There are 2 protein chains.
Amino acid sequence: MSNRVVQEPTLLLLTALADAPRHGYAIMQEVQMISQGRVKMRTGTLYGALDRLLGQGLIEVHEEAVVDGRARRTYALTKGGRAVLAEEAERLAATAREAVRRLNLGGVTA
Amino acid sequence: MSNRVVQEPTLLLLTALADAPRHGYAIMQEVQMISQGRVKMRTGTLYGALDRLLGQGLIEVHEEAVVDGRARRTYALTKGGRAVLAEEAERLAATAREAVRRLNLGGVTA
DNA sequence: CAACATATGTCGGCGAACGACCTATAGGCA
DNA sequence: TGCCTATAGGTCGTTCGCCGACATATGTTG
């Protein structure tokens with residue numbers, strides 16, 4: 001019953017991976033760009049969300065390299081993640097449309 | 001920097017009040033309808049959110065009647081609430097558009 | 001050398017949402 | 001009559017995603 005599928009920061013994360021695989025830092029920058037600088041995703045949110053999404057099978061590790069003894073992972077959307085993102089995007093768009101419709105109904109002639 | 005303006009359940013609540021003032025129970029039903037039965041708002045969420053939104057000045061008490069010794073309040077959007085809802089709806093629509101755009105970019109030829 | 005960007009992560013805490021429960025009346029139905 | 005459901009409004013403890021701050025390491029530029 002619960003909606004709690006994905007929240008906005010998470011949705012932006014998925015969106016950031018929609019066109020190409022990216023690594024963590026790049027995702028943060030991409031999220032900022034997508035949201036026109038409004039949402040600055042923190043690392044705490046990022047890596048927490050990545051773990052969660054990996055567990056949910058919405059994203060996967062695309063490539064894993066070790067650079068200077070540090071893991072460098074790039075993540076990619078899975079088919080499931082792609083489907084979820086498409087669904088959520090449609091749902092969001094529908095909600096937004098409904099909000100606008102109602103604002104116009106009750107707004108002017110209230 | 002933080003996005004956290006309003007979350008989805010809250011946004012649906014505001015949307016439910018966009019065309020006409022409503023009381024709590026009616027809001028719950030309306031939210032269900034708007035979301036096509038996907039989001040079933042609980043009373044815990046509802047009244048918590050109403051208090052919060054009243055405090056933020058996004059909604060106001062429209063009418064207050066006492067029926068059978070019980071308070072019956074109807075809530076309405078304030079101008080501020082209306083503005084916030086309009087903004088958020090636009091933002092959501094933009095995010096959804098970007099998600100779809102990127103899905104089409106990377107989806108087929110990946 | 002200091003400062004910033006790149007890059008990856010951990011941890012404590014907050015707050016919205018959730019879920020379960022409570023009260024109360026009216027109506028359907030077995 | 002007793003039970004369930006819908007209407008209507010409300011409280012409270014818990015969960016969980018997000019936030020903010022911190023830690024670490026390298027490369028670059030002033």
Side-chain angles (χ1 to χ4, degrees), chain A residues 1-14 16-17 21-33 35 38-56 58-59 61-75 84 88 95, chain B residues 1-17 21-33 35 37-56 58-59 61-75 84 88 95:
Chain A
M1 297 310 81
S2 303
N3 30 329
R4 299 249 134 266
V5 188
V6 273
Q7 232 158 297
E8 270 206 69
T10 303
L11 193 104
L12 286 166
L13 195 159
L14 292 177
L17 292 177
R22 286 190 170 82
H23 61 271
Y25 196 81
I27 293 173
M28 285 192 285
Q29 296 174 308
E30 205 65 17
V31 164
Q32 242 182 114
M33 232 172 293
S35 63
R38 273 179 303 232
V39 180
K40 187 171 211 142
M41 183 172 270
R42 311 291 162 159
T43 54
T45 306
L46 209 230
Y47 294 105
L50 286 176
D51 279 352
R52 200 175 0 106
L53 293 170
L54 281 172
Q56 291 172 346
L58 300 185
I59 63 173
V61 175
H62 175 68
E63 203 176 12
E64 192 154 23
V66 178
V67 182
D68 298 312
R70 295 173 69 85
R72 169 78 52 89
R73 281 184 217 95
T74 54
Y75 301 89
V84 166
E88 288 295 301
T95 302
Chain B
M1 313 321 66
S2 305
N3 30 328
R4 303 253 127 263
V5 187
V6 273
Q7 235 159 297
E8 271 206 66
T10 303
L11 192 104
L12 286 167
L13 195 159
L14 293 177
T15 304
L17 292 177
R22 285 190 170 82
H23 61 272
Y25 195 81
I27 293 173
M28 284 193 284
Q29 296 174 308
E30 206 63 17
V31 164
Q32 244 182 111
M33 231 173 296
S35 63
R38 299 170 63 102
V39 180
K40 189 173 223 142
M41 184 172 268
R42 312 288 161 163
T43 53
T45 306
L46 209 229
Y47 294 105
L50 285 177
D51 278 352
R52 200 174 359 107
L53 293 170
L54 281 172
Q56 292 172 346
L58 300 185
I59 62 173
V61 175
H62 174 69
E63 202 177 13
E64 194 153 22
V66 177
V67 181
D68 298 311
R70 295 172 68 85
R72 168 81 51 93
R73 281 184 217 96
T74 54
Y75 301 90
V84 166
E88 289 295 300
T95 303

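Owing to the predicted nature of the structure, the values given are computational and were not obtained by experimental measurement. A, B, ... follow the sequence lines: proteins, then strands. Residue 1 opens every chain.
Between B:Met28 atom CE and C:dA17 atom P there is a gap of 15 Å when expressed in whole angstrom units. Distance CE (A:Met41) to C1' (C:dT6): 18 Å, rounded to an integer number of Å. For the pair A:Glu8 CD and D:dC16 P, the interatomic distance rounds to 21 Å; values are reported in whole Å. If you take CD of A:Gln32 and C1' of C:dT6, they are 14 Å apart, rounded to a whole angstrom. Computed from coordinates, the A:Arg22 CZ to C:dT6 P distance equals 14 Å when rounded to whole Å. B:Ile27 places its CD1 atom 12 Å from the P atom of D:dA8, with the value rounded to the nearest Å. Rounded to whole Å, atom P of C:dA20 lies 17 Å from atom CG of B:Leu46. Computed from coordinates, the A:Asp51 CG to D:dG17 C1' distance equals 13 Å when rounded to whole Å.
Shortest non-hydrogen contact noted between A:Ile59 and A:Leu54 is O-CD2, 3.5 Å.
Distances shown here put a side-chain N or O of A:Thr10 below 4.0 Å from the OP1 or OP2 atom of D:dC18. The side chain of A:Tyr25 contributes no N or O atom lying less than 4.0 Å from OP1 or OP2 of C:dT8. Neither OP1 nor OP2 of D:dG10 sits under 4.0 Å from any side-chain N or O of B:Thr43. For A:Arg42 and D:dC19, the shortest distance from a side-chain N or O to OP1 or OP2 is not below 4.0 Å. Applying the 4.0 Å criterion to OP1 and OP2 of D:dG10, one finds that B:Arg73 has a side-chain N or O inside that range. At least one side-chain nitrogen or oxygen of A:Gln29 sits closer than 4.0 Å to the OP1 or OP2 atom of C:dT6.
Between the side chain of A:Thr74 and the main chain of A:Glu63, a donor-acceptor pair closer than 3.5 Å is present. In this structure a side-chain-to-backbone donor-acceptor pair under 3.5 Å is missing from B:Arg38 to B:Ser35.
For A:Arg52, the side-chain atoms get nearest to D:dG17 when compared with the rest of C:dA16, D:dG17, C:dT10. Checked against C:dT8, D:dT7, C:dA17, the side chain of B:Ala49 finds its nearest nucleotide in C:dA17. Across D:dC18, D:dG9, C:dT8, the shortest atom-to-atom separation from the side chain of B:His23 is found for D:dG9. Listed nucleotides D:dA8, D:dC18, C:dG9 differ in distance to A:Gln7; the shortest reach to its side chain belongs to D:dC18.
Within 4.0 Å of A:Gly24, counting heavy atoms only, lie sugar-phosphate atoms of the nucleic acid but no base atom.
Considering only residues two or more places apart in sequence or on other chains, B:Arg52 meets the side-chain hydrogen bond (donor to acceptor under 3.5 Å, both in side chains) condition with none of them.
Results of the side-chain contact (heavy atoms from CB on, under 4.5 Å) test with A:Met28 over A:Thr43, A:Val39, A:Leu13 single out A:Thr43 as the only residue that passes.
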